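Structure first, commentary second.
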Amino acid sequence: MKLDDAYANAAYIKDAEAYPPRWEKAAKSFREGLGARAQEGVSYGPSERQAFDFFQPEGVARGTMIFVHGGYWKAFDRSIWSHLATGALARGWAVAMPSYDLCPDVRIADITRQIAAAVTRVADRTFGPLALAGHSAGGHLVCRMTDPLILPSEIRERIKAIVPISPVADLAPLMDTSMNEILRIDAAEAQAESPVNMQPPHGLGVTIWVGADERPAFLEQAEQLARGWGARRVVDEGKHHFDVIDGLTDPDGPMIKALLGLK
């Protein structure tokens, strides 16, 4: 398909195949190190994948950060990303990381509703502000949580900041990739599910993050979303699609500061 290369991240990242096992190893070590402060597999829906892991900081949490993973809505689960909770935890925030059902078993619109259910379940068991971060397809999903029709107003109002990292903000180009055999995006879903077509959210901070060394399509999508939403955009020098998320592990770094509203 004509846009396959535009959205092929791994093909342009050196030693790309080494990243998933490295992530999985770091995530497992992180969970083991937390001990009783790691609660795994909290259900938020009827299927096995509709569950989240919940990590408690030491002491009373200042708020809760929710991280939604990527994988083009068709790959990965929460267990590979646990270590990305490091930065928020060190700042005294709890962290929730949901999995969700994958395409082609469900449609992208179904996944949006699942993440809304996960955010609702997390909100019901926590107090204080919420901050949402998501990577790639996860960036799309956290953007969708700002839609007034997706979450109850009392939960949406607790969201103080979102950081979509390398988000897929316009789904229409993916209809021209071979991935769409699995994703099954049609024109109606592309229109309804694309953050670039949403009204800009109000009352919360939005920082769109993208690596400077990403594929041009992702740089363009980040720019398009930032322009449409009037949001801040950070182009992270020297970072590509697989290591741009590392900023979540640094409690003193600019990504965590943007996400948690720190100076």
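This structure is a prediction, so every number in the text was calculated from the model and none was measured.
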Problem - Whether Glu58 side chain and Gly92 backbone form a donor-acceptor pair below 3.5 Å - result: no
Handout entry: N/O donor-acceptor pair under 3.5 Å between Asn180 side chain and Ile185 backbone
Key = yes
Exercise for the section: Write out all pairs satisfying salt bridge (Lys or Arg N to Asp or Glu O under 4.0 Å) with one or both partners inside residues 194-212, taking only residues at least two apart or from two chains. Expected result: none
Exercise for the section: Apply salt bridge (charged side-chain N to carboxylate O under 4.0 Å, His left out) to the pair Lys28 and Glu32, showing each step before the final yes or no. Expected result: CA-CA 6 Å; Lys28 184 173 185 290; Glu32 291 173 348; 2.6 Å; yes
Exercise for the section: Under the side chain to side chain donor-acceptor pair (under 3.5 Å) rule, collect the residues that match up with Asp176, sequence neighbours excluded. Expected result: none
Practice task
Can you run down the salt bridge (Lys or Arg N to Asp or Glu O under 4.0 Å) pairs that involve residues 253-263, sequence neighbours left out, and say none if there aren't any?
Solution key: none
Handout entry: Residues in ring-ring contact (aromatic ring centres under 6.0 Å, His included) contact with Phe76, at least two apart in sequence or another chain
Key = Trp81
Exercise for the section: Test the Arg113-Tyr100 pair against the cation-pi criterion, namely NZ or CZ under 6.0 angstrom from the six-membered ring centroid and within 45° of the ring axis. Expected result: no
Donor-acceptor pairs under 3.5 angstrom involving side-chain atoms of residues 11-22: please list them, not counting sequence neighbours.
unit_1	atom_1	unit_2	atom_2	d
Tyr12	OH	Asp5	OD1	2.6
Tyr12	OH	Asp5	OD2	2.9
Tyr19	OH	His240	NE2	3.2

Exercise for the section: Please determine, by modelled atom types, if Glu214 and Ser166 share a side-chain donor-acceptor pair under 3.5 angstrom. Expected result: yes
Exercise for the section: List for me each residue that meets ring-ring contact (aromatic ring centres under 6.0 Å, His included) alongside Phe218, sequence neighbours excluded, and say none if there are none. Expected result: Tyr7, His241
Exercise for the section: Look at the side chain of Ser194 and the backbone N and O of Gln191, then say whether any donor-acceptor pair between them is shorter than 3.5 Å. Expected result: no
Exercise for the section: Could you tell me whether the side chain of Arg144 and the main chain of Pro195 form a donor-acceptor pair under 3.5 Å? Expected result: no
Practice task
Verify whether one side chain among Thr112 and Glu193 offers a donor that lies under 3.5 Å from an acceptor in the other.
Solution key: yes
